[in-house]
Amino acid sequence: MPSNSFAVAAGDFNNDGNLDIVVGQGFKISVALGNGDGTFQRPVSYSTQLSYSLAVGDFNNDGNLDVVVANLVSNTVDVYLGNGDGTLKAPISTKTTADVAFVAVGDFNHDGKLDIVVIDSPYISVLLGNGDGTFQAPSDNDSFTCGPQNLAVGDFNNDHKLDVVVVGECGFESAIGVLLGNGNGTLQSSLTELLEASPTTVAVGDFNRDGNLDAAIGNNGDSVTVLLGNGKGGFGSPAYYDTIQGFGQMEVGDFNGDGILDLALAGIVGANEGSPQPPPGLSVFTGNGDGTFQAEQFYPAGKIIARGLALGDFNGDHMLDAVVADEDLGGITLLNTGVASFSPTTRLTFADQLVNTVSAPQVVTLTNSGTKPMSITSITASAQYTVSSTCGRSLAPGAACQISTSSAPTTQGAHAGLVTVIDSASSRPEVIDLLGAGTVVTFSPPSLTFAAQKVGTTSPPQEVQLANTGNAPLNVTLFAMHGFDFDDFSQTNNCPSSLGAGASCTITVTFAPTKTGARSAILYVTDTGGGSPQTVTLAGTGS
């Protein structure tokens, strides 16, 4: 597989019935022919100008797939015509108005010749194809004023003319815009709507099967936004889905064969900067058919940054697979067997756990939904965690087993980890994402509940003992009240800034309700004991 990969697209470049891939690698593109079993032959590379985006189509109508590359520094796009045997001709260049960051393909004027649409900021530009690998002068549209970053093509108002949906950022705002097509290669002014999250990628599909195209947006952080289309170029209220990572490319496809569209996203980095990060990989959100999606299921793939994504049946089993373009390892193939499922599919998050102790287990159910027994080679956990299971070495068709995982920290601080399952259902390990922390700090009791207290008066004090169970001094830096009713509670303490190993100190809390009814707050303690900030929950009733 090619290394240092940024973009990837799939297609049959040598007309043998097996899907191949073309990978963009900055200053070159590489074609790797598929063997039909999910593996690929040694890639053949071609020099390009600096590029992070490419697309595939037959631009000269000869029945052979070609590649179009967006050039980031030369105001051009290049088309590499295919020879039909997996090799490409020298590039043909067409000028654009500005440097091109992204390219997509479609027939915008219904003449049977493929056209392209590009982001050459500040423009969204359509270049009509001449049918020979060249394009006409661009039709520039600068009506989307929010820093276009990614786009997709589809018919959003059901007039049988291709439109463009684009996402971007401008200052402290983010937006999505739909530029309706006129059917002649020009686009109307953007129908722009503001977004709450910061978008990086967009994909389209009919997620609720109402005949109107919808949009799914990967955000720069830890969420996905889904917007259901109204058939007029606008959208309804957004729905949000949590994820453990940011995103590269997003694609839409049916991974479980139920006829309902799912979402697939290539992962860039972990969601929380400065904390231990999960590996890059592929996130899949299974569609429910009504426009909603199930929680993320994550598959690690790659080493540093998994940016590009292409979907297709790469091993001929009639199930949708994925190729993820990793910047370090190149293309990573994830074959979809569809028979092993996990519940829940979300990350297992553990409360802070005392170092050298073991938490209560959390349980994930593994089900074999296939028609043949599923052999299980191993189930292992990362350091700082333990795992056991009822799965044995084989799981019968339709059967389920339980995987129990506990946090067992041996060191202080946050610990990201994985339970890794190697079985016959996949050519790649399947994983359960874990997050926990080891600490040497204990609170006794861990929460306080005050009796009913008259509004405007102060309760008798209650005490919490903070103990350092470690073998080194503990630095305690801050005590703070948070929560809805933080003003109703106050604390004093005799804790020194450095609490010796094995030592303890006392936090004294009082309750002075300002209103009647249930009142609550959280006492946060910031320290160097691992898992900071530590918390003590507080509750009382005003009378």
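Values below: every heavy atom of this structure, side chains too, minus hydrogens, waters and symmetry copies. From a predicted model like this one, the values you see are computed outputs, not experimental measurements.
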Leu263 and Val226: CA distance, side-chain angles, deciding distance, side chain to side chain contact (heavy atoms under 4.5 Å, CB included) verdict: CA-CA 10 Å; Leu263 301 179; Val226 174; 4.2 Å; yes

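- The side-chain heavy atoms of Leu435 and Leu348, taken from C-beta on, include no pair separated by under 4.5 Å.
- In this structure, the separation between SG on Cys391 and CG on Leu366 is 5.0 Å, given to the nearest 0.5 Å.
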Can you list the steps and then say if Asp78 with Ser93 is a side chain to side chain donor-acceptor pair (under 3.5 Å)? CA-CA 4 Å; Asp78 285 343; Ser93 293; 2.4 Å; yes

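- Between the Tyr46 side chain and the Leu88 main chain, a donor and an acceptor come within less than 3.5 Å of each other.
- Checked by atom type and distance alone, the side chain of Asp140 never pairs as donor or acceptor with a backbone atom of Ser125 at under 3.5 Å.
- Residues forming a ring pair (Phe, Tyr, Trp, His ring centres under 6.0 Å) with Phe102 (at least two apart in sequence, or on another chain): none.
- Using a 4.5 Å heavy-atom cutoff, the side chains of Met250 and Val202 are not in contact.
- Every side chain to side chain donor-acceptor pair (under 3.5 Å) that Asn14 has, sequence neighbours left out, goes to Asp16.
- Here the closest heavy-atom approach between residue Asp214 and residue Phe207 is recorded as OD2-N, 2.6 Å.
- One distance of note links CG of Leu213 with CG of Asn158; it measures 7.5 Å at 0.5 Å rounding.
- Put simply, the side chain of Asn75 gets close to the backbone of Thr97: a donor and an acceptor are under 3.5 Å apart.
- In this structure, a donor-acceptor pair under 3.5 Å is present between the side chains of Asn15 and Asn64.
- With sequence neighbours left out, the side-chain contact (heavy atoms from CB on, under 4.5 Å) criterion links Ala399 to Leu395, Ala396.
- Annotation: Lys89, atom NZ; neighbour count of heavy atoms from other residues, nucleotides and ligands within 6.0 Å is above 12.
- Side-chain contact between Thr87 and Val44: absent, with no pair of heavy atoms (C-beta onward) separated by less than 4.5 Å.
- Ser190 and Thr192 are linked by a side-chain donor-acceptor pair at a separation below 3.5 angstrom, with hydrogens and angles left out of the test.
- To the nearest 0.5 angstrom, Leu162 atom CG is 13.0 Å from Leu179 atom CG.
- Within 6.0 Å of CD on Glu196 lie no more than 12 heavy atoms contributed by other residues, nucleotides or ligands.
- For the pair Ile403/Phe342, a side-chain contact is recorded, criterion being any heavy-atom separation below 4.5 Å from C-beta on.
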The test is side chain to side chain contact (heavy atoms under 4.5 Å, CB included); show your working for Val419 and Ile379 and say whether it passes. CA-CA 7 Å; Val419 170; Ile379 300 177; 3.9 Å; yes

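- Applying the ring-ring contact (aromatic ring centres under 6.0 Å, His included) rule to pairs touching residues 121-158 yields Phe59-Phe135, sequence neighbours excluded.
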Go through the steps for Gln49 and Leu72 under the test side chain to side chain contact (heavy atoms under 4.5 Å, CB included), then give the verdict. CA-CA 8 Å; Gln49 302 180 62; Leu72 195 58; over 6 Å; no

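- The heavy-atom pair separating Leu282 from Ala266 by the smallest distance is CD1-N, 4.4 Å.
- Side chain of Asn336 to main chain of Leu320: a donor-acceptor pair is present (N/O by atom type, distance under 3.5 Å, no hydrogens or angles).
- Asp163 is listed as a side-chain neighbour of Asp155, based on a closest heavy-atom distance under 4.5 Å.
- When the side chain to side chain donor-acceptor pair (under 3.5 Å) test is applied to Ser143, the partners found at least two apart in sequence or on another chain are Asn141.
- Remark: Asp321 CG to Asn315 CG distance equals 4.5 Å, nearest 0.5 Å.
- Side chain of Ser139 to main chain of Thr186: no donor-acceptor pair is present (N/O by atom type, distance under 3.5 Å, no hydrogens or angles).
- Using a distance-only test at 3.5 Å, with no hydrogens or angles considered, a donor-acceptor pair links the side chain of Asp317 to the main chain of Met319.
- Interatomic distance, OG1 of Thr286 versus CD of Glu296, reported as 11.0 Å (0.5 Å rounding).
- Counting heavy atoms from C-beta on, the side chains of Leu33 and Asn18 never come closer than 4.5 Å.
- When side chains are defined from C-beta on, Thr365 counts as touching Gln402, because their heavy atoms get closer than 4.5 Å.
- Within the 4.5 Å cutoff, side-chain heavy atoms of Pro199 are placed close to those of Glu169.
- Here the closest non-hydrogen pair linking Gly417 and Asp433 is O-OD1, 3.6 Å.
- Atom OG1 of Thr243 is separated from atom CD of Gln297 by 12.0 Å, given to the nearest 0.5 angstrom.
- The ring pair (Phe, Tyr, Trp, His ring centres under 6.0 Å) test applied to Phe314 returns Phe40, not counting sequence neighbours.
- Judged by distance alone, the side chain of Asp313 and the main-chain N or O of His318 form a donor-acceptor pair under 3.5 Å.
- Shortest non-hydrogen contact noted between Ser74 and Lys95 is O-NZ, 3.6 Å.
- Counting only distance, with no hydrogens or angles, the side chain of Asn83 and the backbone of Asp85 share no donor-acceptor pair below 3.5 Å.
- Without hydrogens or angle criteria, Glu430 side chain to Ala340 main chain gives no donor-acceptor distance under 3.5 Å.
- The environment of NZ in Lys372 is sparse: at most 12 heavy-atom neighbours from other residues, nucleotides or ligands sit within 6.0 Å.
- Ser45 and Ser30 get closest at one heavy-atom pair: OG-OG, 2.6 Å.
- The shortest heavy-atom contact between Gly229 and Asp210 is O-OD2, 4.2 Å.
- No donor-acceptor pair under 3.5 Å is formed between the side chain of Asn150 and the backbone N or O of Val167.
- With Ile116 as the fixed residue, the side-chain contact (heavy atoms from CB on, under 4.5 Å) test singles out one of Val153, Val105, Thr96: Val105.
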